Number of protein chains: 2
Amino acid sequence: MGTKQFSGSPEDADLRRADSLAREIFSDVANKWALLIIEALGERTLRFSELRNEIEGISHKMLTQNLRMLERNGLVERTVHPVVPPRVDYALTEPGQALRVTIDGLCDWTHRYLGHIETSRHRFDA
Amino acid sequence: MGTKQFSGSPEDADLRRADSLAREIFSDVANKWALLIIEALGERTLRFSELRNEIEGISHKMLTQNLRMLERNGLVERTVHPVVPPRVDYALTEPGQALRVTIDGLCDWTHRYLGHIETSRHRFDA
DNA sequence: CGGTATCCTCGGCGATACTG
DNA sequence: CAGTATCGCCGAGGATACCG
């Protein structure tokens, strides 16, 4: 990922394109808020304000911004209900669900190694 | 993750502590450069300059900074060879390897859905 | 309620230079 | 070669206010 060396040959052009696209997507997704949003959604469908409550410390702006990004990449589906007051629901698409599975792995990892990490930190800080 | 609601009861104190710690670790790790470094290391052991070459676009500063962070959390091991010029090797620890596996999943996901995402973007941008 | 726009600040990050 | 320190800027992101 972002590692390969390409020759100057023209037939590598689309490989290089795919590679930079992969890197771009990776940068979109490998971000704290995006991951927390996906994790929060899980299998449920939540409204904007519910997401805001679920994810501690996220600002209005960051939430909308990341939701747009995720929608653009086809990871979340946004459905607007034409009622007043407005109601907007968010849910993961199939690609989003697939991603969520790996993020679950990340969360599991975090909790499994909580202890290791905490002691490692104390050792380091000395 | 960063989701739970705690009562004010004192016996929840350590739960809340563990939770905020988990969130902290998550924020450390759920970051583009950290993930790319771990992915670059894989099963190999690389020197500083090799890492710098492997990871396209990372600056000297970001690399050292993230390496320190990963070392502090016990995800990478740093070994200094007392030679001149200096030689410093980095390798993943066992927790680091465990994390790498899930990151591999993330990379696989990226490549599997490259197409989906690209078309989704085009639809969205219209 | 959800979204967009505007403003303003604070710190992330690159560039550069210097040590061992 | 690897690491630390300093400076300076640019932009991420919070706060606020206003629409539909």
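Since this is a predicted model, take the numbers as computed values, not measurements. Convention: sequence-line order gives letters A, B, ...; per-chain numbering from 1. Hydrogens, waters and symmetry mates are skipped; everything else that's a heavy atom, side chains included, is used.
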For A:Arg52, report the nucleic acid contact type (base, sugar-phosphate, nothing); a contact means any heavy atom under 4.0 Å.
nothing
Considering only C:dG3, D:dG3, D:dC1, which nucleotide approaches the side chain of B:Ser49 most closely?
D:dC1
Quick one: ring pair (Phe, Tyr, Trp, His ring centres under 6.0 Å) pairs with a partner in residues 61-87 of chain B, sequence neighbours left out?
none
B:Tyr113 and B:Trp109 aromatic ring geometry - parallel, tilted or perpendicular at 30°/60° bounds
tilted
Do any N or O atoms of the protein come closer than 3.5 Å to N or O atoms of nucleotides 13-20 of chain D, and which pairs are they?
{"residue": "D:dG13", "atom": "N7", "partner": "A:Lys61", "partner atom": "NZ", "Å": "3.1"}
{"residue": "D:dG14", "atom": "OP2", "partner": "A:Ser59", "partner atom": "OG", "Å": "2.3"}
{"residue": "D:dG14", "atom": "O6", "partner": "A:Lys61", "partner atom": "NZ", "Å": "2.5"}

Students should find that the end-to-end axis angle of the helix from C:dC1-D:dG20 to C:dG20-D:dC1, with five pairs defining each axis and rounding to 10 degrees, is 40°
Looking at A:Asp28 and A:Arg72, is any side-chain nitrogen of the basic one under 4.0 Å from a carboxylate oxygen of the acidic one?
no
Summary of ring pair (Phe, Tyr, Trp, His ring centres under 6.0 Å) pairs that have at least one residue in residues 53-72 of chain A, sequence neighbours excluded
A:Phe48-A:His60
Report the residues that fulfil salt bridge (Lys or Arg N to Asp or Glu O under 4.0 Å) with A:Arg68, sequence neighbours left out, ordered by chain and then residue number.
A:Glu71
Distance, rounded to the nearest Å, where A:Asp28 contributes CG and D:dA12 contributes P:
13 Å
Phosphate-side-chain proximity, A:Arg68 and C:dG3, N/O vs OP1/OP2 below 4.0 Å
yes
Without decimals, in angstroms, what is the distance between B:Leu46 CG and D:dC1 C1'?
15 Å
With A:Glu94 via salt bridge (Lys or Arg N to Asp or Glu O under 4.0 Å) - residues at least two apart
none
Does any N or O in the side chain of A:Arg23 come within less than 3.5 Å of the main-chain N or O of B:Glu56, such that one atom is a donor and the other an acceptor?
yes
Salt-bridged, B:Asp89 to B:Arg44, with N to O below 4.0 Å?
no
Whole angstrom is fine here: how far is it from CZ in B:Arg78 over to P in D:dA2?
10 Å
Any A:Tyr90 side-chain N or O less than 4.0 Å from OP1/OP2 of C:dC1:
no
Just call it for A:Arg47: base, sugar-phosphate, or nothing, with non-hydrogen atoms closer than 4.0 Å on any strand.
sugar-phosphate
Between A:Asp108 and A:Arg112 (salt bridge meaning N to carboxylate O under 4.0 Å), is one present in this structure?
no
What's the CG-P distance between B:Leu67 and D:dT4, to the nearest Å?
11 Å
